Trainee: 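Attaching a single structure in structure tokens format; questions to follow.
These numbers come from the heavy atoms of this one structure, side chains and all, not from hydrogens, waters or symmetry mates. Numbered from 1 within each chain, the chains take letters A, B, ... in sequence-line order. Quick caveat, the model's predicted, so the values are computed rather than measured.
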Amino acid sequence: MGSMTALRPLDPVALRRDFPLFERDFGGRTLAYLDSAATSLKPRAVIEAVDGYNARYTANVHRGIYTTGEEATAAYEGAREKVARFLNAAESAEIVFVRNATEAINLVAATWGQVNVRAGDRIVLTELEHHANLIPWQLLAQRTGAVLEFIPIDDEGRLDQAAYAALLATAPRLVAFTAVSNALGTIDPVREMTAAAHAAGALVLVDAAQAVPHAFVDVQAWGADFVVFSGHKVLGPTGSGALWARRALLEAMPPFMGGGEMIREVRLRSATWNDVPWKFEAGTPDVAAAIGLGAAVDYLAAIGMENVREHERGLTRYALELLPREVPGIRLFGPRSADERAGIVTFTLPEAHPHDVATLLDRDAIAIRAGHHCTQPLHERLGEPATARASFNVYSTTEDLDRLAAGLRSVQRVFARSA
Amino acid sequence: MGSMTALRPLDPVALRRDFPLFERDFGGRTLAYLDSAATSLKPRAVIEAVDGYNARYTANVHRGIYTTGEEATAAYEGAREKVARFLNAAESAEIVFVRNATEAINLVAATWGQVNVRAGDRIVLTELEHHANLIPWQLLAQRTGAVLEFIPIDDEGRLDQAAYAALLATAPRLVAFTAVSNALGTIDPVREMTAAAHAAGALVLVDAAQAVPHAFVDVQAWGADFVVFSGHKVLGPTGSGALWARRALLEAMPPFMGGGEMIREVRLRSATWNDVPWKFEAGTPDVAAAIGLGAAVDYLAAIGMENVREHERGLTRYALELLPREVPGIRLFGPRSADERAGIVTFTLPEAHPHDVATLLDRDAIAIRAGHHCTQPLHERLGEPATARASFNVYSTTEDLDRLAAGLRSVQRVFARSA
Amino acid sequence: MDDLYRDEILEHYRRPHNFGTLESPDASVEGSNPLCGDRITLMLAVGEDGRVEDVAFTGRGCAISQASASMLTDEIRGRSLAEVEELTNQVVLDLLGIEISPARLKCALLSIDTVKKAAAQVRGAGDAAGA
Amino acid sequence: MDDLYRDEILEHYRRPHNFGTLESPDASVEGSNPLCGDRITLMLAVGEDGRVEDVAFTGRGCAISQASASMLTDEIRGRSLAEVEELTNQVVLDLLGIEISPARLKCALLSIDTVKKAAAQVRGAGDAAGA
Ligand SMILES: Cc1ncc(COP(=O)(O)O)c(C=O)c1O
Ligand SMILES: Cc1ncc(COP(=O)(O)O)c(C=O)c1O
């Protein structure tokens, strides 16, 4: 288990050898990939796990009474067990494979929500949320007449816990919030907020899309009811992801999509459902992606998520110190302390729009994200329609950040030209 | 376009070299893979397309203002164009990427259905349908009070067109049927049934999951309103698939899942939607799978779907002739003529249950499917809880079928033992 | 090579023991394996002493599912309900004596799942009556 | 290396031409690019002769979007509405004179999309009045 690993410094330069993208030449340089919060690079172990299924034991799962079919099923269900262990779930039946965090939240809104949420019921969200954790609840509210409430943030992007307490006093049905803000890097106090919600009688959904890649997530310690994440942000393939939920909840929920695999017995006009988690996996699953995700969490577990967290905290501290020193006038968003944030640093330059910054950095083979990062309401709150964001993963180095700082200086020179 | 390709015999033995699974040793033999209707094997071109994205230009799509982000977006949207061309769609905006055919049907039922289907409305299905084209309509009927009606089949598995005409006279809202039965191989008269439905004022959804792999599907010639298929059955990766629908329909449909990508402007309590097809693609798509699907349809287009159809018709004719001759007492299901069926041959032996057949064939490295093939109501109608099924794709050979016949003889010997 | 299916299994499949129904069973349970279409109906008669006095089944399905029902019904005759409920899956696998691949496990275990449900049903009825 | 952003573009970005509002425009259209947050409001005044008499914009966004609006508004002054509506995207790309990557295309074309909508609005109003 990750929590048992002794803390030993992670060597990103050594790990980079596992990521073939760093072998590619970008105008005489490697890519300074600083957009890991959007999607992570993939290690060879993941690429080969996907290849193995595609090349050596391609078969549909749960049905084939032949060698490759049994291998595919074992690999697919084995990946579920790996993910369960990685999250410290009580059992693998609590892991539902989905395409991405977005689908997981939609699944909960459409099944648990449809059955449990009535007109006038309150759902508490936050101003920090990614659109993935907003729109499904807006759609549910439209269908049911539920009311959405929002925990505001302070100027460093922390959730206002007093306001949260006041919202809990209105007895909401559900609190859904992100464990780590993808736009600011803020780490929210998941355990405390979950306990408070439970004390108020609300269920809790945690959007762990930015938490799972960066630290050890222990769903039992969190104590929440639903936890979601995307595989493609944790070194896994696109198309992989998981919903974790307590078994009793899953069992009580109606199905999401209908089709093969999720059924037990089918008649022309009625049907009964399979056991969980398969009840929620209609049709041929993305077998290759799930197997790749299993390889990804194995890779991360071998590194130790505490080491990943330490590494990223170090990079964040380095960036928070380096950028204001090297880049005059840069504005940083989010908590000032690296201890309060994951490996995400968001900023604007006074002279150049984030899009121009990203375009100019690209010519130096530096990849950052510019825009609203799927958090328009948060950007509204920040008073900036767009920001620039650098985000890290295990393969990120201080050299990447040095290149970023130098790149930003050169952007400033372009914009200062003939001014 | 496929329809322009001159008919030239497809050489499956040469094509097998493109499929690495045939390099694997199964006890001194290659695998006689006869379960292509469940999922197809993948050619190297597909495996390498997926690898290319995972190893050389991993990035999220539609957002990154940097080289790899633009490459990923171009490859993803390029795959959409390839699929549009492969289906002869009027434009690529009519192609929505989904995980599989199942998701596509659920999408239509949950969006078009939710808006257009009222209590008492009729939806016409058939007794042939895969669970994927049954359960979503059962769920919709439960939610809306719509009524499901079924076109019966004759003893060879053909749809009863007189009964269909009678059902159309009741003015249904939608007719949803499979172009090719996955259990019997029956090819349904899509064009005629669609025209009749339209004349009766109904929309038409065609489940092309078994049609797209086996013949040239021209959505404009079909004239239907919705067409769905799964990539993993057309040499593409798991996690890929498409819904085709006319643009005007897509534009009028409410969104399916909510999240990033499918939005235009988001406020805390409301949002507006992106253009089609992205309105229906919430969250990070399965970029790798879509790119792999693009490579798969390129591969098939180069072969020419007419040639694929001819090849499979030849194999089916061979099997329909071989099996009754070599395997005493074998019972074959579905139309007697290979012209009326795709590359699928379904059967039972008098002495052995299909599961025992499959287990015994496996020891000879022959992979077939045994069970109800996700068509329980059809099997109820056939009076068999389970059947055995051999199904083909471009790499299938008459030698595979010879091995199957010999394998079935040896199953019969086992069951005759000491009887 | 044919040890995948031992003669004994084929023998039980062709001429299953305890095949039929009971006149007045203490429990009658239907078990099915929808994915395969395997199906058995199992009846149990329990004596004063709490032991399986008689057992019968009818069913349809693959050799593995039907032979395992045939063998297992032999096995439980005379056993106490408590013993029956504590039978492990391994017992059935040992009775079959061949290697069962994961995809066929449900076929092999249909009989024991159904037998245990029947035993629990008798016990439940007894408890309910006693209560 | 800095020809990604020619001096002229930066010049237009810093000191945009036609920046402001019109007193009584014949059309006023807001265009936005939610993904980027680029935004412009464009106003058009059209003379008796159906030609663009005056044009002004306000906005906020990246250099590409704002410079293209600045350059394009210069370009359309004096043109007939029909001409404006027939402008191709290439016109804007030529005005910018730098290579625009696909991801930035929306920034570059925000101005022309908005200008055309404004021209269509004036024409629509005219048609409606004439009808
Ligand atoms: C006719 C038909 N429809 C739908 C499906 C469902 O496909 P998938 O499981 O890829 O969603 C299948 C595949 O099994 C099929 O054969
Ligand atoms: C906090 C958060 N939630 C949800 C998502 C949605 O992830 P996906 O697009 O993989 O569904 C993201 C990723 O962008 C995220 O950062």
Trainee: Examine whether an atom of B/Ser230 lies under 4.5 Å from a heavy atom of chain A, and if so say whether it belongs to the side chain, the backbone or both; otherwise answer neither.
Mentor: neither

Trainee: B/His379 vs B/His373, test: ring-ring contact (aromatic ring centres under 6.0 Å, His included). Steps then yes/no.
Mentor: CA-CA 9 Å; B/His379 276 75; B/His373 321 303; 5.4 Å; yes

Trainee: Heavy-atom pairs under 4.5 Å with chain B are the metric here; pick the option from A/Pro237, A/Ser270, A/Ala290, A/Gly64 that has the most.
Mentor: A/Ser270

Trainee: Which atoms of A/Leu268 are under 4.5 Å from chain B, going by heavy atoms: the side chain, the backbone, both sets, or neither?
Mentor: both

Trainee: Tell me, for B/Phe19 versus chain A, whether the close heavy atoms (under 4.5 Å) come from the side chain, the backbone, both or neither.
Mentor: neither

Trainee: Between B/Phe256 and B/Phe280, is the ring centre distance below 6.0 Å?
Mentor: no

Trainee: Under 30°, 30 to 60°, or over 60°: which ring-plane class applies to B/Tyr395 and B/Tyr33, parallel, tilted or perpendicular?
Mentor: tilted

Trainee: Should A/Val147 and A/Ile123 be marked as a side-chain contact (heavy atoms from CB on, under 4.5 Å) after you check the CA-CA gap, both sets of side-chain angles, and the distance that decides it?
Mentor: CA-CA 6 Å; A/Val147 177; A/Ile123 295 173; over 6 Å; no

Trainee: For the residue pair A/Leu378 and A/Ala183, what are the closest heavy atoms and their distance?
Mentor: CD2-CB, 3.5 Å

Trainee: Measuring heavy-atom distances to chain A, does B/Glu103 have an atom under 4.5 Å in its side chain, in its backbone, in both, or in neither?
Mentor: both

Trainee: Counting only non-hydrogen atoms closer than 4.5 Å, does A/Leu107 touch chain B with its backbone (N, CA, C, O), its side chain (CB onward), both, or neither?
Mentor: neither

Trainee: Using a strict threshold of under 4.0 Å (side-chain N to carboxylate O), is an ion pair present between A/Arg24 and B/Glu71?
Mentor: yes

Trainee: For residues A/Leu148 and B/Arg269, report the shortest heavy-atom separation together with the two atoms involved.
Mentor: O-NH2, 2.9 Å

Trainee: Counting heavy-atom pairs under 4.5 Å with chain A, which one of B/Arg63, B/Gln142, B/Glu129 comes out on top?
Mentor: B/Arg63

Trainee: Counting heavy-atom pairs under 4.5 Å with chain A, which one of B/Ser40, B/Ala55, B/Pro20, B/Ala59 comes out on top?
Mentor: B/Ala55

Trainee: Is chain B contacted by the side chain of A/Pro285, its backbone, both, or neither, given a heavy-atom distance below 4.5 Å?
Mentor: backbone

Trainee: Using heavy-atom distances under 4.5 Å, tell me whether B/Glu265 contacts chain A through its side chain, its backbone, both, or neither.
Mentor: both

Trainee: Which residue out of B/Lys42, B/Glu127, B/Gln138, B/Glu380 racks up the most heavy-atom pairs below 4.5 Å with chain A?
Mentor: B/Gln138

Trainee: At a 4.5 Å cut-off on heavy atoms, which part of B/Ser240 comes close to chain A: side chain, backbone, both, or neither?
Mentor: neither

Trainee: Is A/Leu41 close to chain B through its backbone or its side chain, or both, or neither, when contacts mean heavy atoms under 4.5 Å?
Mentor: both

Trainee: Counting only heavy atoms closer than 4.5 Å, note whether B/Tyr57 contacts chain A via side chain, backbone, both or neither.
Mentor: both

Trainee: Given a strict heavy-atom distance threshold of 4.5 Å, which part of B/Gln114 is in contact with chain A: side chain, backbone, both, or neither?
Mentor: neither

Trainee: For each of A/Ile368, A/Ile366, A/Leu125, tally heavy-atom pairs with chain B at distances under 4.5 Å, and name the one with the top tally.
Mentor: A/Ile368

Trainee: If you tally heavy-atom pairs under 4.5 Å against chain A, which of B/Pro255, B/Gly259, B/Gly292, B/Ala141 wins?
Mentor: B/Gly259

Trainee: Measure B/Val357 against the heavy atoms of chain A and call it side chain, backbone, both or neither at under 4.5 Å.
Mentor: neither

Trainee: With respect to chain B, which residue among A/Ala132, A/Gly241, A/Gly371 yields the maximal number of heavy-atom pairs within a distance under 4.5 Å?
Mentor: A/Ala132

Trainee: Report which part of A/Asn100 has an atom under 4.5 Å of a heavy atom belonging to chain B: side chain, backbone, both, or neither.
Mentor: side chain

Trainee: If we only count heavy atoms from C-beta on, is the A/Asn60 to B/Asp35 side-chain gap below 4.5 Å?
Mentor: no

Trainee: Taking all heavy atoms of B/Ala282 and all of B/Met262, pick out the closest pair and write down the distance.
Mentor: CB-CG, 3.7 Å

Trainee: Given heavy-atom pairs under 4.5 angstrom as the criterion, report whether the side chain, backbone, both or neither of A/Leu134 touches chain B.
Mentor: side chain

Trainee: Output the option from B/Glu261, B/Arg44, B/Lys233, B/Arg99 having the highest count of non-hydrogen pairs under 4.5 Å with chain A.
Mentor: B/Arg99

Trainee: Does any backbone or side-chain atom of A/Thr375 lie under 4.5 Å from a heavy atom of chain B? Answer side chain, backbone, both or neither.
Mentor: neither

Trainee: Looking at B/Thr102 and A/Gly258, what are the two nearest heavy atoms and their distance?
Mentor: CG2-O, 3.2 Å

Trainee: Would you please classify the geometry between the B/His372 ring and the B/His131 ring as parallel, tilted or perpendicular, with 30° and 60° separating the classes?
Mentor: tilted

Trainee: Would you please classify the geometry between the B/Tyr76 ring and the B/Phe97 ring as parallel, tilted or perpendicular, with 30° and 60° separating the classes?
Mentor: tilted

Trainee: What heavy-atom pair brings B/Ala390 and B/Leu404 nearest, and what distance separates the two atoms?
Mentor: CB-CD2, 3.9 Å

Trainee: Are side-chain heavy atoms of B/Val46 and A/Asn54 found at a separation under 4.5 Å?
Mentor: no

Trainee: Give, as side chain, backbone, both or neither, the part of B/Asp286 having an atom under 4.5 angstrom from any heavy atom of chain A.
Mentor: both

Trainee: At a heavy-atom separation under 4.5 Å, does B/Pro254 approach chain A through its side chain, its backbone, both, or neither?
Mentor: neither

Trainee: Show the numbers, then the answer: is there a side chain to side chain donor-acceptor pair (under 3.5 Å) between A/His232 and B/Thr284?
Mentor: CA-CA 9 Å; A/His232 70 92; B/Thr284 302; 3.2 Å; yes

Trainee: Using a cut-off of under 4.5 Å on heavy-atom pairs, state which of A/Cys374, A/Pro136, A/Ala367 scores highest against chain B.
Mentor: A/Ala367

Trainee: Which heavy atom of B/His130 sits nearest a heavy atom of B/Asn182, and at what distance?
Mentor: CD2-ND2, 3.5 Å

Trainee: Sort B/His355 into side chain, backbone, both or neither according to what part of it lies under 4.5 angstrom from a heavy atom of chain A.
Mentor: both

Trainee: Among B/Ile135, B/Thr39, B/Val266, which residue forms the greatest number of heavy-atom pairs with chain A at distances under 4.5 Å?
Mentor: B/Val266

